Amino acid sequence: MTVGDTGGTVGGSAVAAAIVAAEHVVTPGGTLSPGWLRIADGRIAVVEPGEPPTPATHRGVWALPGFIDMHVHGGGGASFTEGGPDDARRAASFHRAHGTTRIVASLVTAPVDELERRSAMLADLAEAGVIDGIHLEGPFLSAARCGAQNPRYLTLPDVGAFTRLLAASRGWLRMITIAPELPGAPEVIRAAAAAGVIAAAGHTDASAEATAAAIAAGVSHATHLFNGMRPIGHRSPGPIGALLDHPVTCEVIADGSHLDDLIIRLTARSVGPGNLVLITDAMAAAGMSDGAYRLGELDVTVSAGVARLADPATGALGSIAGSTATMELVVRRAITAVGLPVADVAAAAGTTPARRLGLAGVTGSLRAGLDADIVLLDQDFRLDAVIARGERRHLAG
Ligand SMILES: [Zn+2]
């Protein structure tokens with residue numbers, strides 16, 4: 001699709017009081033067909049079935065909670081992993097124009113002092129309301145399953161290093177991805193959980209036993225289940241088997257490249273509607289044309305929309321390196337290609353990540369009292385409009 005500009009904020013207009021009506025309004029208590037909402041002072045004041053009492057300011061076929069992306073590195077040609085605050089603002093703005101009303105900025109593995117600096121910069125942006133938290137994807141990951149993480153900077157889990165990163169992020173560190181099998185992982189997992197940071201298993205070669213032990217220590221989330229993990233085997237269930245065997249939340253990248261849609265269906269059925277989380281894992285190339293990009297220090301080539309590591313000498317392509325997806329795309333595919341119920345997809349893209357991020361009392365559902373974070377989709381589940389904290393952002397065709 002085409003967006004008016006990559007900043008994605010064209011025509012942003014404050015909606016002090018407005019009525020949103022849709023043929024289907026997806027709420028925690030069920031889908032209202034039709035239904036409507038009143039927005040007042042940036043919040044949802046009323047959600048009701050039927051037609052609104054006064055003409056609607058905005059109309060759509062589907063009204064869903066604004067999308068919440070817990071795992072995203074960039075988009076619109078900019079990223080959180082390199083560049084300055086303006087690049088991070090551009091990346092957040094690009095994704096907001098595609099329906100992501102709350103965003104957790106993901107960093108890739110880098111030297112710990114560099115991660116400290118970037119976490120401090122992102123904490124500034126979180127305080128300014130640009131992002132909603134920080135996710136550290138590394139540096140305590142498995143070299144055998146590092147994917148597009150720079151192996152040079154992988155280190156063994158260390159509570160001292162974690163504590164430095166936690167301090168640098170000034171309360172905005174929401175999640176850290178760890179390989180549970182590494183020595184020292186249980187200590188960092190316990191430290192993260194005690195600090196209210198989601199300990200996520202990912203980029204791991206762990207056995208099922210080691211993963212189950214990590215879950216007992218505090219792991220409560222799976223970073224892009226299946227990708228960057230030892231595969232599941234019928235006699236060696238590995239991390240995937242253990243994660244599916246416990247009530248943890250599981251991320252999936254439903255972009256049509258990272259996972260077969262059948263695998264997402266099986267995962268959704270296995271974890272249940274309250275534990276599936278749709279993410280993009282997008283990098284800077286999201287929304288851009290094919291070509292050469294960077295993910296942290298690594299060269300990435302995007303061809304036919306699929307980002308892969310590129311050998312700087314030979315140009316040979318390696319691991320998939322993040323995605324070029326938007327939440328709009330993964331939500332539409334989860335409904336139309338994977339075949340999940342719309343209400344379950346709304347939960348996986350909004351309600352569940354809100355709960356995991358401690359934002360359930362603020363956003364993630366269409367109910368009175370929460371921030372007016374709303375997406376309007378057409379009959380084909382294409383984005384019509386994004387309302388973020390009561391402010392509408394128009395998309396140009
Ligand atoms: Zn990632």
Side-chain angles (χ1 to χ4, degrees), residues 67-76 78-83 87-88 91-92 94-95 100 103-110 114-115 118-119 122 131-151 153-154 165 169 173-179 197-204 219 221-229 239-240 243 249-255 257-259 277-287 293-300 302 305-309 318-327 329-330 349 353 356-357:
F67 306 140
I68 300 174
D69 196 350
M70 291 180 71
H71 184 160
V72 51
H73 302 276
S79 84
F80 305 119
T81 63
E82 56 179 14
D87 296 277
F94 166 80
H95 283 288
T100 303
I103 191 164
V104 174
S106 297
L107 294 177
V108 289
T109 296
E114 164 70 7
L115 290 174
R118 298 209 74 80
S119 296
L122 292 172
I131 62 169
D132 299 88
I134 302 165
H135 163 218
L136 290 172
E137 192 171 13
F140 312 133
L141 306 175
S142 160
R145 301 286 172 193
C146 66
Q149 303 283 328
N150 193 330
Y153 303 125
L154 296 175
L165 294 166
S169 52
L173 182 59
R174 293 283 175 262
M175 179 160 69
I176 181 164
T177 300
I178 302 176
V197 175
I198 299 167
H203 290 284
T204 169
V219 161
H221 189 78
T223 293
H224 44 53
L225 192 73
F226 292 97
N227 298 115
M229 290 183 183
I240 299 163
L243 289 160
T249 39
C250 291
E251 297 176 356
V252 292
I253 311 171
D255 65 348
S257 304
H258 280 75
L259 294 172
V277 174
L278 293 177
I279 58 157
T280 64
D281 196 15
M283 42 84 77
Y293 295 88
R294 304 271 288 171
L295 182 62
E297 282 188 5
L298 300 178
D299 291 311
V300 173
V302 177
V306 179
R308 289 186 179 275
L309 287 186
S319 285
I320 298 185
S323 83
T324 59
T326 60
M327 285 300 287
L329 176 89
V330 298
R356 291 311 324 264
L357 296 170

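Both counts, for ligands and for their atoms, begin at 1 and track the order of listing. Every heavy atom of this structure was used, including side-chain atoms; hydrogens, water molecules and symmetry mates were not. If you're wondering where the values come from, they're calculated on a predicted model, not measured in any experiment.
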Asker: As an exercise, state the distance from CD1 of I279 to CD of E251, rounded to the nearest 0.5 Å.
Answerer: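 I279 CD1 to E251 CD: 4.0 Å, rounded to 0.5 Å.
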
Asker: For the Zn ion (ligand 1), state how many protein N, O or S atoms fall inside a distance shorter than 2.8 Å.
Answerer: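 Near the Zn ion (ligand 1), the number of protein N, O or S atoms below 2.8 Å is 4.
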
Asker: Write down the atom of A286, the atom of G74, and the distance for their closest heavy-atom approach.
Answerer: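 In terms of heavy atoms, the two residues are closest at CB-O, 4.3 Å.
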
Asker: Once the angle between the rings of H203 and H224 is folded into 0 to 90°, is it parallel (under 30°), tilted (30 to 60°) or perpendicular (over 60°)?
Answerer: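 Perpendicular: the ring planes of H203 and H224 meet at over 60°.
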
Asker: Would you say the side-chain atoms of E114 and Y153 include a donor-acceptor pair closer than 3.5 Å?
Answerer: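 Y153 and E114 do not have a side-chain donor-acceptor pair below 3.5 Å.
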
Asker: Among all residues two or more places apart in sequence or in another chain, which pass the ring pair (Phe, Tyr, Trp, His ring centres under 6.0 Å) test with H221?
Answerer: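 Partners of H221 by the ring pair (Phe, Tyr, Trp, His ring centres under 6.0 Å) criterion come out as none, since no residue qualifies.
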
Asker: Enter the distance from Q149:CD to L107:CG here, rounded to the nearest 0.5 Å.
Answerer: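 So the CD of Q149 and the CG of L107 are separated by 10.0 Å.
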
